[in-house]
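Reckoned from all heavy atoms, side chains included, excluding hydrogens, waters and symmetry mates. In what follows, chains are A, B, ... by sequence order, proteins preceding strands, each numbered from 1.
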Amino acid sequence: MATIVGVQNRLTAGPRNLTEPFAVRVVLTLVALAYLLVFLVVPLGAVFAEALQKGWAAYVNAVREPMALSALWLTLLTAAIAVPLNLVFGVAAAWAIAKFEFPGKNALITLIDLPFAVSPVISGMVFILLFGRQGYLGPWLQAHDLKVVFAVPGLVLATIFVTFPFVARELIPVMQAGGTEEEEAARVLGAGGWTTFYRVTLPSVKWGLLFGVILCNARALGEFGAVSVVSGHIRGKTNTLPLHVEILYNEYNFQAAFAVASLLTFVAILTLVAKSVVEWRSSRRTDVLSEPRA
Amino acid sequence: MSIEVRNVTKKFGDFIAVNDVSLHVPNGELVALLGPSGSGKTSLLRIIAGLEQAEAGQVLFEGEDATARHVRHRSVGFVFQHYALFRHMSVFENVAFGLRVRPRASRPDEKEIRRRVMDLLKLVQLDWLGNRLPSELSGGQRQRVALARALAVEPRVLLLDEPFGSLDAKVRQELRRWLRRLHDEIRLTSVFVTHDQEEALEVADRVVVMNHGRVEQVGTPQEVFDHPATPFVMGFLGNVNIFGGRVEGGRAILGPLHLDYPEHPHAESLPAAGYTRPHELEVDRAEGGGGGFWAALRYANTAGAVVKLELATGDDRLVHVETTREQYELLRPTTGERLYVRPRQVRIFVEPGKGLPPPSERVVPPK
């Protein structure tokens, strides 16, 4: 507990000669708050204001409309497939990178970052190029009566592609910081590979993992660019929530567009809350886990 | 269980960490692998544990080849330098881990696990801390938890990597005496790695001095300290003054030291070095013979059980001398005063490989 008290003291009471004058602090704080207000709070408020401009009943109608529900369902389905797959992949990749030495390791680290580096639109185009009617695998897919592009599998693939760095990126530093000694200790004590992973490695990174999953999930629900390219915008079939918002907006149905958008905004706020909780919990853990006291 | 290491070699890229090392640890002994960092002692320990694979050579437990045996099945207890306690588990669960991960058939039931863990925690005097997390313990306590955890699987060999390396001086001394008593109690064949010669000499039954991946000398603490086999061992075990020079015609001319050396009566001159510990030199105001020399007192450190003197010869060679407080009080030398340095004992190592019987020891008798 002593460590936590120490941290709080450091935050609240700095020596006087190390802090800025009062006026400077006030000005800086006000600038930051004004910036937040203009660029974050006002737009966020506008979403809800627009959504509710025709009253609560209209809001509920827009959200309960079958096309909106189908888009919501599809969005959840996509995330429900993409997030667990990326969870498994991310853990495996991070484990391999952090705990083992092998040729091609740097190439793998670079590859994991690829989806961050390319525009989501290009990510979508890649799948059209691969699975589209004129794509490399198109004829084979048609011969077997499989539909990827302009169908649910395409949406899932594009979402996986765009969101796959999140879990791995969060885990690699946490696992690397942990080193390999605990795993070695487990092996000497007679634990097998799986037991070591399950009982030693995984628990020590659980907060990092949760953090990655939350970010991954948020992006999977909100992804627009890549999904837009592979979706084909078939109403009630291949429209996710972000795409549905766009369609409503393009049809000048502003109130409904904002009503559906408010659902995504809710998700965003929930994500932020969850993220803060996880950050708080994990920082508390690392405080307690920092270097020996004696 | 006895340990036998046969011609083990380990490389990391171009670097040879362990170079054709053979070693025998008899059953029930406590052996120290002593050497500077990079001498290969930790690599050798990890090879014995099975955490590292040797390029060549064998490791035998009780005469049985264990080279290919997986670390899981070697029944060794390993204590890591930084303890490697499982951070998210309580002290109790840390110690219980080795029992809980056993295959179902050989896993003790919950009651038995509890009993054995509590016994071990009592053995390391930490039974009142079972529910704490490792982060809530002091360094010395963590060290003891690590030891209890290693002992929980009833290993037949205990291996410790710099077990006291990251503790402060006082805890370190307490813990190593405690480890020695513990070893006398349980008589488990143990090997520990250290770079601290004092630790090795105090705790171990036998000391293996390593340098550059090779074994320089194996012996009891007394043997390696009093009869170092090589200049390296002499230099590594305690402070030493080194006088470079040569031997010829039955004499050793080692800088300011001039000694008889009947082992080499030939006229041919051979490079040699004389090694003498600070306490093997004595100082006086009168010329005392014995092949000694005059030197000016630069500095005297009187804080401590022995008084440490630093002298300089005419050609600015520094010489360290240790003397008792009583002798220092009798002499009361002033800084800058010229004193006669007389060696009581000098070990002369003639450059090896010249067809003569070095290294040899030359003891100059007292006056």
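Only the side chain of A/T195 comes within less than 4.5 Å of a heavy atom in chain B; its backbone stays farther off. Interface residue B/L85: only backbone heavy atoms are found under 4.5 Å from chain A.
Sorted by first and then second residue, the salt bridge (charged side-chain N to carboxylate O under 4.0 Å, His left out) pairs involving residues 159-179 of chain A (not counting sequence neighbours) are A/D113-A/R169.
Put simply, of A/R187, A/E184, A/E183, the one with the most heavy-atom pairs under 4.5 Å next to chain B is A/E184. Contact count versus chain B (heavy atoms, under 4.5 Å) is highest, among A/A186, A/S204, A/G178, for A/A186.
Counted within 6.0 Å of CZ on B/R114, heavy atoms from surrounding residues, nucleotides or ligands total 12 or fewer; the atom is thus considered open. Under a cut-off of 6.0 angstrom, the local environment of CG in B/D109 is crowded, with over 12 non-hydrogen atoms contributed by other residues, nucleotides or ligands. Around CZ of A/F100, the count of heavy atoms belonging to other residues, nucleotides or ligands within 6.0 Å exceeds 12. Summarising the local packing, OH of A/Y198 is surrounded by 12 or fewer heavy atoms from other residues, nucleotides or ligands at distances under 6.0 Å. Enclosure of atom CZ in A/F102 by more than 12 non-hydrogen atoms of other residues, nucleotides or ligands within 6.0 angstrom is indicated. Counting heavy atoms of neighbouring residues, nucleotides and ligands inside a 6.0 Å radius, atom NZ of B/K11 does not exceed 12 of them.
Looking at B/H88, its side chain does come within 3.5 Å of a backbone N or O of A/R199 through a donor-acceptor pair.
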Please set out all donor-acceptor pairs under 3.5 angstrom arising from side-chain atoms of residues 155-162 of chain B, sequence neighbours excluded.
unit_1: B/D161; atom_1: OD1; unit_2: B/T42; atom_2: OG1; d: 3.2
unit_1: B/E162; atom_1: OE1; unit_2: B/H195; atom_2: ND1; d: 3.1
unit_1: B/E162; atom_1: OE2; unit_2: B/H195; atom_2: ND1; d: 3.0

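In terms of heavy-atom proximity, A/E181 sits nearest to B/F80 at OE2-CD2, 3.6 Å. Scanning both residues, B/A84 and A/A185, for their nearest heavy atoms gives O-CB, 3.9 Å.
Residues from residues 46-79 of chain B that place a non-hydrogen atom less than 4.5 Å from a non-hydrogen atom of chain A comprise B/R46, B/L51, B/H70, B/V71, B/R72, B/V76, B/F78, given in numerical order. Of residues 90-104 of chain B, those residues lying under 4.5 Å from chain A by any heavy-atom pair are B/F97, B/G98, B/R100, B/V101.
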